[in-house]
Amino acid sequence: MEYNFREIEQKWQQRWKERGTYRVEVDHSKPKFYVLDMFPYPSGAGLHVGHPLGYIASDIYARYKRLKGFNVLHPMGYDAFGLPAEQYAIQTGQHPAVTTEQNINRYREQLDKIGFSFDWNREVRTCDPKYYHWTQWAFLLMFDSYYCNTRQQARPIAELIAAFEANGTEGLDVACTEELHFTAEQWKAMDEKRREEVLQNYRLAFRADTMVNWCPQLGTVLANDEVKDGLSVRGGYPVEQKRMKQWLLRVTAYAQRLLDGLDRLEWSDSLKEIQRNWIGRSEGAQVFFPINGHEEQLEIFTTRPDTIFGVTFMVLAPEHEYVARLTTPENKAAVEAYLEETKKRSERERIAETRRVSGVFTGSYAVNPFNGKKIPIYISDYVLAGYGTGAIMAVPAHDSRDYAFAKHFELPIIPVVEGGDLSIESYDAKAGKLINSDFINGLDVKEAIQVMFREVEKRGLGKKKINYRLRDAIFSRQRYWGEPFPIYYKDDIAYPLPLDQLPLELPPIDNFGPTEQGEPPLARVKGWQTAEGYPYELSTMPGFAGSSAYYLRYMDPHNDQALVSREADEYWRSVDLYVGGIEHATGHLMYSRFWNKFLYDLGYVVEDEPFRKLVNQGMIQGRSNFVYRVVGTNRFVSLGLKDQYETQEIHVDVNIVRNDVLDLEAFRAWRPEYADAEFILEDGRYICGWAIEKMSKSMYNVVNPDYIVDNYGADTLRMYEMFLGPLEQSKPWDTNGIDGVHKFLRRLWRLFFDGEGKLIVTDDQPTPAESKTLHKTIKKVGEDIENFSFNTSISAFMICLNELGGCNKRQVLEPLVVLLAPFAPHICEELWEALGQKGSVCDAAFPTFNPEYLVENSFEYPVSFNGKVRFKKNLPLGIPNAEIEAAILADPNTAKYLEGKTPKKFVIVPGKIINVVI
RNA sequence: GCGGGCAUGGUGUAAUUGGUAGCCACGUUAGAUUUAGGAUCUAAUGCUGAAAGGCGUGGGGGUUCGAGUCCCUUUGCCCGCACCA
C-alpha cells in the first residue's frame with residue numbers, strides 16, 4: 001500500500017481536534033515556552049504559499065520544544081480591523097464584519113489543512129468587543145498617566161495633579177509636548193477647561209493640534225510607518241501634510257528605554273539597527289540666539305556646537321511659529337509667496353525635488369551669542385518643522401545643505417575646521433583642528449564639541465540635549481472599522497468613559513464613507529453619545545492598537561476581569577520566540593514594545609520587553625512562467641526556438657506548468673482565446689520561460705497552499721517550504737523540486753510497509769553503521785532546529801535515509817519518527833501508531849544523542865605547523881589537543897619528518913599516529 | 001548621502017566557522033523495470049580536456065603552510081533611513 005497522505009492527514013487532523021492534543025494550560029510542573037507568530041490580517045485573497053512559511057518554522061520549533069519537555073504556548077488569532085475590509089465595504093456596501101468573518105473562516109480552513117499545533121481555544125480577534133475591551137482599557141490607562149523622567153516610568157496623572165497643586169511645575173522633569181511653567185497658585189486659578197488643556201500636555205494618550213500625514217483618498221490620517229515615499233502603504237495613495245487635532249500616544253517618552261532595551265534582545269542586528277535608526281538618537285546642544293529688536297530668542301538644536309563661530313545665517317522651517325513675527329514689512333510679500341508655494345508642494349514632490357535650493361529672507365537678524373555678529377534669518381523648507389526646534393544655525397563651511405543654500409544666496413562661508421576645499425564642497429567630517437574660533441582654536445573637533453557643551457551651559461545660552469527622530473504616534477483614524485475611543489466630549493473637553501462601561505461597542509452602520517462635511521463615518525450614527533447625551537469621539541483607533549498587546553491576551557484569552565491575570569502572566573511572562581516579517585520593524589514591533597513597557601510601569605505585566613527572541617522569515621517571491629506567442633498569430637513557440645520568431649512574452653498560470661513544461665491541454669482550457677492555440681514544440685514538449693517576480697494575481701504566479709496539500713500533502717508542503725533555503729532569506733517559490741521531499745516521505749513509508757500495507761518493521765539489533773547514522777542525525781537535527789536551520793535538518797534526514805538503505809529495524813525507526821515529527825507530524829503520527837505506540841507522537845521524548853556511536857577507528861586531523869604542531873579544532877575521543885601534539889613530537893620519526901615541511905593532516909588511530917599527509 | 005546585508009554549478013543551496021569547495025535536492029543524460037507513467041531502481045553530472053592534467057566560490061590585491069570564510073579595494077544587486085541640523 002502506497003503512502004496515502006490524504007487519508008492520513010485527514011485522520012490525524014480529526015483526531016487532534018477530538019483529543020484536544022494542542023490544548024495547553026498553566027502547568028507549574030513543567031518549564032514554559034511561548035512560541036508566537038505575528039497574527040495575520042485576513043485578506044480576501046486567502047493565503048498563498050508564502051504566508052505559512054513563518055508559521056511552519058514556528059510550528060516545528062514549538063513541536064520540538066514540546067518533545068523536549070516544555071509546556072508550549074502556541075496560539076493563533078486574527079488582526080481583523082483594518083483598511084482593506086473597509087475600502088471593500090465602501091465599494092460594495094458589504095459590512096466589514098461580514099467580509100472579515102468570511103475571510104477568517106477561509107484562513108482557518110487553509111491553516112487547518114497544514115497541520116499546525118495551534119491551541120485554537122486561545123484564538124483572539126482584534127475586532128471582537130471582548131478583545132477590544134482591553135485595547136480601550138489600555139488607552140484609558142494611558143490617558144490617565146504621565147511619564148516621569150526622574151523615575152523613568154509612567155505614573156498615574158493624579159500624582160502630577162498633586163504636584164501641580166503643591167508646587168506648580170517647579171522641580172518637575174516629565175515628558176511633555178512643550179515646556180510649561182506655572183506656579184501652584186496659577187494652577188489653582190485655572191478653570192476646568194484650562195486645566196485639561198494643560199494636562200493634555202502631559203498625558204501619555206493625548207489630543208493635540210499637530211502636523212499629520214493626511215491621505216485624502218483614504219479619508220484618514222496615517223502614522224509615519226504607514227507612509228512610504230509619500231504614499232500610503234495600504235493602497236498607495238498620495239499623502240499630504242496637514243495640521244489637525246488628533247489623538248496621539250506619547251511614544252517619545254520611551255525613546256531612550258526603547259533604545260536601551262534592544263541590547264538585551266535576541267533580534268537580528270539588522271532589525272535592531274532599523275529600530276535604532278527610527279528612534280534616531282542624537283546628542284547635541286540647545287542654543288538660544290538673541291534676535292535684534294525682539295524679546296524672544298531663537299532656539300536651535302545642533303550636533304556641532306564646535307562650528308558656532310562659522311555661523312553665517314539662520315534658517316527657520318516655513319511652519320515655524322516665529323515666521324510671521326520676524327518677517328519685516330518690506331519682506332512680507334516675498335515671504336508669504338514662499339509660504340504659499342511650499343504649502344502647495346506635496347510631500348511627494350518635496351521628496352522628488354530633494355536638494356532643490358529654495359528660501360526667502362525674513363528681514364530680521366539674530367546675534368551670534370559667542371561673537372556678537374549680526375546674522376540674517378532665512379526661511380527654507382530644507383529645515384523641517386518636525387525635527388529639533390524647526391530652526392537651525394547654518395554653518396555653510398561644514399554642512400553640505402547649508403553650503404548649497406549659501407552658494408545660492410551668495411552668503412559668506414567661514415571655515416572653522418581645517419581640511420577640505422571649500423571652493424568645491426563643504427567639509428562635513430568630524431575631524432580636524434578648529435580655526436577662526438576664538439577660545440577653541442587649535443582644538444580637535446571632538447574635544448571642541450565637549451568644550452562647547454560646557455561653555456554653552458556655563459554662559460546660560462542653552463544646554464546639552466538629546467534629540468530623537470522618533471515622533472509621537474498619531475492614534476486616531478477618521479475611519480469606521482476600528483476600535484471606538486472610550487471618550488466623550490463635554491464643552492469640547494475630552495472625558496474618559498468609566499472603566500465599567502467598557503467595551504464601548506462599534507455601532508452598526510450602512511454607509512461607510514465620510515460624511516458630506518468630511519467627518520468620519522461614525523458621525524452618521526444617531527445616538528453615538530453617552531446616556532446623558534454627550535457625543536462620543538468620532539474617529540477610531542489605528543491598526544496597530546489591536547496588535548500591540550495581543551500576545552498578552554493569548555495567555556488568558558477568556559478573562560473578563562483583566563487583560564491577563566497575574567497568575568497567567570507570571571507563568572507565561574513574555575514571548576520566547578516570535579516569528580514574523582521584517583515589515584513590522586518600525587510599526588508593530590515599536591508600538592508593542594512601548595505598550596508593554598507602559599503596562600510594565602504600572603505593574604500590569606511582569607516583563608519589560610515583550611519579545612525575547614525574534615526571527616524574521618524571508619519573503620517568498622513568485623516564479624512566473626511565460627509562453628511566447630508569435631506576433632499576430634495564435635501560435636506559441638517553445639523557449640529554445642523563440643529567437644527564430646518575432647514573439648510576445650505572455651504570463652502563463654504557473655499551475656498549468658510543470659518543471660517548465662507547459663500542459664498543452666490545460667493551456668487550451670485556460671482561456672477561451674487559447675482554445676485553438678497551436679504550438680511549436682522542441683523535443684515534443686513546450687518549454688516555458690521563467691522569471692522571479694512578486695507573487696501576485698496579475699503575474700499568474702500565485703501558488704495556493706491548498707493546491708500543494710491536495711497534490712502532495714501537508715507534510716510535503718511543510719518540509720518543502722523549509723527545504724527551500726534559509727528561513728530568514730527571501731527566495732522564490734518553485735514547485736519544481738517538491739518531488740524531492742515527497743519522494744523522501746514515500747521512501748520512509750516503504751521502510752515500514754510492504755506493497756500490501758503489512759508492517760515489515762523488525763526487532764533486529766541495528767548494526768554499528770546504522771546506529772552511527774541514527775545518532776549523527778539526532779545530533780545534527782537537534783542542533784539545526786536550535787539554530788533555525790531547518791533546510792539543513794531536512795538534508796540531514798535525506799542523508800540518513802540514503803545511508804540507512806533498506807534498514808527497517810524498530811530501534812532505528814522509532815527514534816527517527818519522533819525526530820521527524822515536528823516537520824511532518826501527520827505521517828509520523830501514523831507511523832508511531834503503526835509501531836504500536838499509544839498516544840500522540842507529540843508527547844514522545846526527543847531522542848537522546850549518544851556520542852559513543854560516533855566514535856571511529858581513525859581520524860584525519862587538520863593541523864598547522866610552524867615549529868610547533870597546532871590543531872585547528874578540538875578533536876573527538878575526548879583527548880586534549882595538547883596531548884596529541886606531545887605524542888606527535890615525541891615520536892622521533894615524525895618529528896624528523898616534520899622538519900622543513902608542512903603537514904596537512906595526520907591520520908590518527910586513537911593513541912597512535914599512523915600517517916602524515918603532506 | 002548615511003547605515004545594514006548579499007554574491008558559490010543549469011536551479012535552490014551546503015561547507016564541521018580558516019582545513020579535500022559543491023553536501024542534500026531539483027534538473028539533465030544513460031541504463032534497468034514496466035502495457036503505461038508526472039512510478040520505482042542504478043549510474044553519471046562544476047567548467048575544460050580523449051586522457052593525464054588544468055581552471056574554478058562577482059573582479060583586483062593582501063594576510064596565512066592553507067581563504068568561499070579574515071583584511072583592503074572594486075563592481076553588481078537587495079533592504080532600511082533620508083534636506084534629521
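In what follows, every chain begins at residue 1, and chains take the letters A, B, ... in the order their sequences are listed.
Residues forming a ring pair (Phe, Tyr, Trp, His ring centres under 6.0 Å) with A:Y707 (at least two apart in sequence, or on another chain): none.
At whole-Å resolution of the value, NZ in A:K780 and P in B:U17 are 12 Å apart. B:G5 atom P lies 14 Å from atom CG of A:L271, rounded to whole Å. Nucleotide B:G10 holds its C1' atom 13 Å from the CG atom of A:L639, rounded to whole Å. Remark: P of B:G3 and CG of A:N277 are 10 Å apart, rounded to the nearest angstrom. A straight line from CH2 of A:W278 to P of B:C81 spans 6 Å, rounded to a whole angstrom. Taking atom CG of A:L745 as the reference point, atom P of B:U40 lies 13 Å away to the nearest angstrom.
Residue contacts shown for A:R750 are limited to sugar-phosphate atoms, with no base heavy atom under 4.0 Å away. Nucleic acid contact class of A:N802 (heavy atoms, under 4.0 Å, all strands): sugar-phosphate only. Residue-level contact check: A:P726 touches the backbone only, with heavy atoms under 4.0 Å from sugar-phosphate atoms and none from bases. Residue A:F797 is classed as having no contact, given no heavy-atom separation below 4.0 Å to the nucleic acid.
In terms of position along RNA chain B, the nucleotide closest to A:S795 lies nearer the 5' end than the nucleotide closest to the other residue of the pair A:N711 and A:S795. Where A:A796 and A:S789 each meet RNA chain B at their nearest nucleotide, the meeting point lying more 5' is that of A:S789.
In this model, the phosphate group of B:G4 is not approached by any side-chain N or O of A:R276 to a distance below 4.0 Å at OP1 or OP2. For B:C24, the OP1/OP2 oxygens have no side-chain nitrogen or oxygen of A:N791 closer than 4.0 Å. Dashed line: the shortest gap from a side-chain N or O of A:R747 to OP1 or OP2 of B:A39 is not under 4.0 Å.
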Would you tabulate the nitrogen or oxygen pairs shorter than 3.5 Å linking the protein to nucleotides 27-29 of chain B?
residue: B:G27; atom: OP1; partner: A:N659; partner atom: ND2; Å: 3.0

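Geometrically, A:R593 does not engage A:W278 in a cation-pi contact, judged by NZ or CZ lying under 6.0 Å from the ring centre and within 45° of the ring axis.
Across B:A85, B:A25, B:U40, the shortest atom-to-atom separation from the side chain of A:M798 is found for B:A25. Which of B:A14, B:A39, B:C81 sits closest to the side chain of A:R746 comes down to B:A39. For A:R469, the listed nucleotide lying nearest its side chain is B:C81; candidates were B:A15, B:U40, B:C81. Between B:A85, B:G80, B:A14, one nucleotide has an atom nearer to the side chain of A:T792 than all others, and that is B:A14.
Residue pairs meeting the salt bridge (Lys or Arg N to Asp or Glu O under 4.0 Å) criterion with at least one partner in residues 723-743 of chain A, sequence neighbours excluded, are A:R623-A:D734, A:R658-A:D739.
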